[in-house]
Amino acid sequence: QVQLVESGGGSVQAGGSLRLSCAASGRTFSSYAMGWFRQAPGKEREFVAAISRAGSYTYYGDSVNGRFTIFRDGAKNTVYLQMNSLKPEDTAVYYCAARISGQAYEMGRLENAADYWGKGTLVTVSS
């Protein structure tokens with residue numbers, strides 16, 4: 001079992017920045033890939049970013065590529081999502097996810113690629 005707890009959501013104006021955190025527990029942190037997804041009201045869940053077990057490889061959705069950065073800290077068992085140049089269309093509930101087997105990039109390509117999910121944190125970007 002893996003437990004994931006997100007934090008860092010909030011309200012920000014367009015052009016601003018936020019950093020989301022996801023604290024993981026329950027299994028060896030380096031044994032699974034991590035990712036972020038988001039879901040806006042009335043829309044389907046969208047892949048945001050993923051990172052490999054060792055943190056060597058990162059993957060991003062087209063809508064956030066170049067603005068968001070995913071990274072992980074093994075000492076803190078935490079994965080982060082640094083969000084810059086935020087836009088109103090980035091408004092959503094952001095979910096942290098873990099993938100036990102398989103590769104990180106698959107989180108952006110396969111349905112149900114994540115094995116564990118956090119409860120989400122709300123990000124609101126105003127214009």
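Any value given below was found using the heavy atoms of this structure, including those in side chains, with hydrogens, waters and symmetry copies removed.
- Panel note: side chain T58, backbone I70; no donor-acceptor pair is recorded below 3.5 Å.
- Residues that satisfy the side chain to side chain donor-acceptor pair (under 3.5 Å) test with E106, not counting sequence neighbours, are R99.
- Across all non-hydrogen atoms, the minimal contact from G118 to Y95 is O-CD2, 3.6 Å.
- You'll find the side chain of C96 reaches within 4.5 Å of the side chain of V79, heavy atoms only.
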ask   = Would R19 and Q82 satisfy side-chain hydrogen bond (donor to acceptor under 3.5 Å, both in side chains), going step by step from the backbone distance to the final call?
value = CA-CA 4 Å; R19 178 179 290 184; Q82 177 66 43; 2.8 Å; yes
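- By the side chain to side chain donor-acceptor pair (under 3.5 Å) test, R27 is found to be paired with no residue, residues two or more places apart in sequence or in another chain being considered.
- For S17 (side chain) and N84 (main-chain N/O), no donor-acceptor pair under 3.5 Å exists by modelled atom type.
- Side-chain contact check for Q13 versus V125: every heavy-atom pair is 4.5 Å or farther apart.
- A 4.5 Å side-chain heavy-atom check between I51 and Y57 finds every atom pair outside the cut-off.
- The hydrophobic clustering, which links ILVMFWY residues whose side-chain heavy atoms are closer than 4.5 Å, places M34 and W117 apart.
- Under a 3.5 Å cut-off, the side chain of T91 and the backbone N or O of E89 do not form any donor-acceptor pair.
- Distance OG1/T121 to CG/L81: 11.0 Å, rounded to 0.5 Å.
- Counting heavy atoms from C-beta on, the side chains of T124 and V12 never come closer than 4.5 Å.
- Sequence neighbours left out, the pairs with a member in residues 60-73 that pass side-chain hydrogen bond (donor to acceptor under 3.5 Å, both in side chains) are R38-S63, E46-S63, R67-D90.
- Formation of a donor-acceptor pair under 3.5 Å by the E6 side chain with backbone atoms of K119 is found in this model.
- The minimum heavy-atom distance linking R53 with S30 is given by the pair CB-O, 3.2 Å.
- Taking all atoms of both residues into account, the shortest heavy-atom contact from V2 to A98 is CG1-CB, 4.4 Å.
- Annotation for A14 and S127: closest pair CB-CA, 4.3 Å, computed over non-hydrogen atoms.
- By the rule that hydrophobic residues join a cluster once side-chain heavy atoms approach within less than 4.5 Å of another member, M107 and Y32 end up as members of separate clusters.
- Clustering of Ile, Leu, Val, Met, Phe, Trp and Tyr by side-chain heavy atoms under 4.5 Å joins F71 with Y80.
- Proximity of F68 to L86: side-chain heavy atoms (C-beta onward) are separated by under 4.5 Å at one or more points.
- Of all heavy-atom pairs between A97 and A114, the closest is CB-CB, 3.5 Å.
- The side-chain heavy atoms of W36 and C22, taken from C-beta on, include a pair separated by under 4.5 Å.
- Scanning both residues, G120 and V93, for their nearest heavy atoms gives CA-CG1, 3.9 Å.
- Every residue meeting the ring-ring contact (aromatic ring centres under 6.0 Å, His included) condition with F47, not counting sequence neighbours, appears here in chain and number order: F37.
- The side-chain hydrogen bond (donor to acceptor under 3.5 Å, both in side chains) pairs that include a residue from residues 107-116 number zero, where partners must be two or more places apart or lie in different chains.
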